Amino acid sequence: MNLIDRFITTGENVPYDELKRDFRVITPENFNFAYDVVDVYATECPDKKALVWCDDNGEEKIFNFKEISDYSKKAARFFISHGIKKGDRVMLFLRRRYEFWWISVALHRIGAIAIPATTQLLAPDIEYRNNAADIKMIVAMDDKRIQKQVDIAMIRSPSVETLVSVSGPREGWIDFHKELPLYDADFPRPKGDAATHNDDPMLLYFTSGTSGYPKMVLHNFLYPLGHIVTAKYWQNVTDDGLHLSLAETGWAKAVWGKIYGQWIAGTAIFVYDMAGFTPDLFFRKLVKYGVTTFCAPPTVYRFLIRQDLSKYKLEHLRYCVTAGEAMNAEVFRIFQEKTGLEIHEGYGQTETAIIAGTFPGMKVKPGSMGKPAPGYDVEIQDDDGERCPPGQTGRIVIHLEKGNPAGLFRGYYRNDEQTLKALSGTTYDTGDTAYYDEDGYIWFVGRSDDIIKSSGYRISPFEVESVLQEHPAVLECAVTGVDDESRGQMVKATIVLTEGYSPSKELEVEIKTYVTEHLAIYKTPRLIEFVAELPKTTSGKIRRVEIRDQDNKPQKK
């Protein structure tokens with residue numbers, strides 16, 4: 001059993017052209033994923049498998065929908081008892097802990113705003129988020145550092161009232177698992193002012209920008225319905241299958257592939273809560289549990305093709321997808337040669353569900369993001385707002401004249417200027433550029449801004465530059481991405497030194513160490529170049545594009 005037919009107008013195995021033409025989301029009056037998906041499964045097929053979880057220590061937990069429903073109701077009562085109500089902001093540092101699914105559904109029940117965050121953040125990152133969103137509660141695991149970083153951030157985080165630990169007792173924190181059994185698995189759907197409505201805020205993600213600190217992307221209660229296409233028509237999940245998206249819950253890719261569309265489509269979620277990525281362990285888990293569909297960034301596929309895949313019986317694995325950056329054709333070829341499986345690419349953002357993809361039945365063109373997703377009216381436009389002909393690079397926009405598609409964000413929380421810039425009322429400007437080929441396939445070119453994508457992470461140059469400029473040796477700097485085969489891009493800092501400092505290997509190490517102490521490690525520049533001056537416009541703005549073009553220029557043989 002799946003719930004697909006309750007929410008869309010098209011069935012299964014529909015050719016792309018028909019799917020794109022006929023697809024519509026059936027929008028319930030007051031849709032809430034907790035009550036209208038999780039609880040429906042819990043009532044109609046309580047034993048249906050929902051979540052298969054394991055970790056590096058051999059621990060394993062398997063939950064059906066009745067258990068997910070019951071635990072989330074207990075968790076909702078827990079949150080209510082600690083003062084959380086509709087509209088309150090709760091930040092979650094849970095990596096891949098199974099409690100993420102209970103807690104997310106619980107917060108949806110209440111109408112509180114869930115804010116997933118990566119455990120790689122440091123105290124300054126956390127402090128910024130606490131104050132930017134007026135976080136009321138933080139729920140965190142203890143991965144040997146994140147709870148300590150939260151404690152440090154609390155010194156200057158006046159809005160945070162409560163800290164909750166899912167990893168046992170800690171001074172100043174409430175022990176989630178000690179209290180949870182005290183609550184009943186009974187939480188009736190709220191009515192009146194406490195009830196949720198389709199346009200109420202449900203989920204918030206911080207996403208990096210280039211003109212300031214991370215923006216807050218706000219989604220409403222219809223967001224899960226946008227991921228029906230992501231799961232059913234891109235990842236090609238099946239009812240009673242087992243899907244793995246390789247993402248930490250702190251990143252939006254997790255809600256693309258670890259909960260909403262997958263559960264609506266009736267597939268179970270496989271979660272491997274690994275401390276680090278080890279290909280051999282990864283493949284053994286895939287085989288042991290019988291994963292049927294798989295999604296990972298190209299970086300991971302580059303690691304996987306270096307393995308002897310003949311050692312693993314992957315007969316259950318039937319479909320693979322990727323997103324985050326363009327897939328190298330050689331990686332595609334080798335993976336298909338070793339597994340017999342094609343890799344289907346897709347494209348989207350924290351602000352959206354899937355915007356374009358290579359959908360089942362379509363010819364795969366390695367490196368292309370495919371064609372516009374059902375439900376999204378996508379176009380590549382020139383600067384005059386006209387559709388670009390094949391081969392001409394333009395801006396990727398989504399037309400909104402017929403209304404906002406399910407899955408499109410409400411706007412940037414507390415940032416009307418950025419919201420109006422992106423959402424004009426008639427279009428959403430993705431900030432990305434691409435071109436069509438003669439067959440209508442879309443090929444990604446780059447960001448309209450200067451965002452860096454490294455190993456699947458989106459990194460704001462502004463954040464890194466802000467820390468670099470705190471170092472006394474740094475007079476000016478520009479942070480850019482350098483093309484890299486294994487990571488997609490490496491973070492590079494081009495630095496003009498303060499008078500009295502001279503370039504040296506020792507100074508380079510000192511600056512890198514300084515950044516590592518103040519930002520998450522994935523943001524630390526791997527390359528540093530000392531220069532006499534930075535390229536600038538006549539108005540004095542740094543031309544990062546000039547640095548990027550020089551660094552990524554093909555080398556002459």
Side-chain angles (χ1 to χ4, degrees), residues 4 7 25 33 37 50-51 92 94-96 100-101 104-105 108 114-118 202-208 217-237 241-272 291-301 319-325 327 343-360 369-370 372-376 378 398 405-409 430 432 444 453 455-458:
I4 288 284
F7 299 117
V25 173
F33 183 78
V37 175
L51 183 69
L92 310 176
L94 296 173
R95 201 175 69 194
R96 298 178 182 87
F100 174 82
W101 285 263
S104 295
V105 175
H108 298 344
I115 306 178
T118 174
M202 183 194 81
L203 182 70
L204 187 152
Y205 270 98
F206 282 82
T207 187
S208 295
V217 176
L218 190 63
H219 286 285
N220 65 20
F221 275 83
L222 293 180
Y223 177 69
L225 297 179
H227 283 302
I228 290 174
V229 173
T230 307
K232 183 61 189 174
Y233 297 111
W234 176 53
Q235 295 166 347
N236 200 20
V237 303
L242 188 62
H243 178 75
L244 168 60
S245 278
L246 205 62
E248 182 197 323
T249 60
W251 304 104
K253 190 65 185 298
V255 290
W256 271 52
K258 284 180 160 348
I259 182 167
Y260 298 129
Q262 294 71 33
W263 278 356
I264 293 172
T267 200
I269 303 299
F270 177 66
V271 180
Y272 174 21
V291 169
T292 56
T293 51
F294 174 57
C295 178
T299 301
V300 171
Y301 284 103
Y319 209 81
C320 296
V321 298
T322 190
E325 58 191 83
M327 170 66 75
I343 303 171
H344 296 72
E345 295 180 60
Y347 159 75
Q349 301 177 320
T350 304
E351 290 89 341
T352 69
I354 189 165
I355 295 172
T358 304
F359 298 98
M369 64 173 71
Y376 277 78
V378 181
I398 298 170
L408 184 67
F409 74 136
T430 65
D432 289 328
F444 185 79
K453 280 195 172 183
S455 297
Y457 299 124
R458 300 178 75 237

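Computed from a predicted structure; not experimentally measured. Atoms considered below: every heavy atom in the structure, side chains included; atoms not considered: hydrogens, waters and symmetry mates.
- Put simply, the side chain of Thr352 never gets that close to the backbone of Gly348: no donor and acceptor are under 3.5 Å apart.
- Closest heavy-atom contact between Val229 and Pro374: CG2-O, 3.6 Å.
- Residues Ile228 and Val25 are not in side-chain contact: their nearest non-hydrogen atoms beyond the backbone lie 4.5 Å or more apart.
- The backbone N or O of Ile354 sits nowhere less than 3.5 Å from a side-chain atom of Trp256 that would complete a donor-acceptor pair.
- Thr322 places a side-chain N or O within donor-acceptor distance of the main-chain N or O of Ala296, the cut-off being under 3.5 Å.
- The heavy-atom pair separating Glu248 from Ala254 by the smallest distance is O-CB, 3.5 Å.
- Side-chain contact between Ile115 and Phe206 is present, with heavy atoms from C-beta onward closer than 4.5 Å.
- Atom-to-atom distance recorded for Gln349:CD and Asp432:CG is 5.0 Å, nearest 0.5 angstrom.
- Ring orientation note: the planes of His108 and Phe33 are nearly perpendicular, at an angle over 60° on the 30°/60° scale.
- Under the 4.5 Å side-chain criterion, counting only non-hydrogen atoms from C-beta, Thr358 is not in contact with Ile343.
- From Phe444, atom CZ reaches atom CD of Glu345 across 12.0 Å, with rounding to the nearest 0.5 Å.
- Side-chain atoms of Thr293 never come within 3.5 Å of backbone atoms of Tyr319 as a donor-acceptor pair (strictly under, hydrogens ignored).
- Separating the CH2 atom in Trp234 from the SG atom in Cys295 is a distance of 4.0 Å, to the nearest 0.5 Å.
- The two residues Pro405 and Gly375 have their closest heavy-atom pair at CB-O, 3.3 Å.
- Here Gln262 contributes atom CD and Ile269 contributes atom CD1; the two are 4.5 Å apart, rounded to the nearest 0.5 Å.
- Rounded to the nearest 0.5 Å, atoms CG (Asn236) and NE2 (His344) are 7.5 Å apart.
- The closest side-chain heavy-atom distance from Tyr347 to Thr430 is below 4.5 Å.
- Shown here for Ser245 and His243, the closest heavy-atom pair between the two residues is OG-NE2, 2.8 Å.
- Counting only heavy atoms from C-beta outward, the side chains of Phe100 and Val271 never approach each other to under 4.5 Å.
- A donor-acceptor contact shorter than 3.5 Å is absent between the side chain of Lys258 and the backbone of Thr249.
- The minimum heavy-atom distance between Gly250 and Tyr205, with the atom names listed, is O-CE2, 3.5 Å.
- The minimum heavy-atom distance linking Ala265 with Val237 is given by the pair CB-CG2, 3.7 Å.
- The closest side-chain heavy-atom distance from Ile355 to Met369 is not below 4.5 Å.
- Note that CG of Leu246 is 10.0 Å distant from OH of Tyr272, once rounded to the nearest 0.5 Å.
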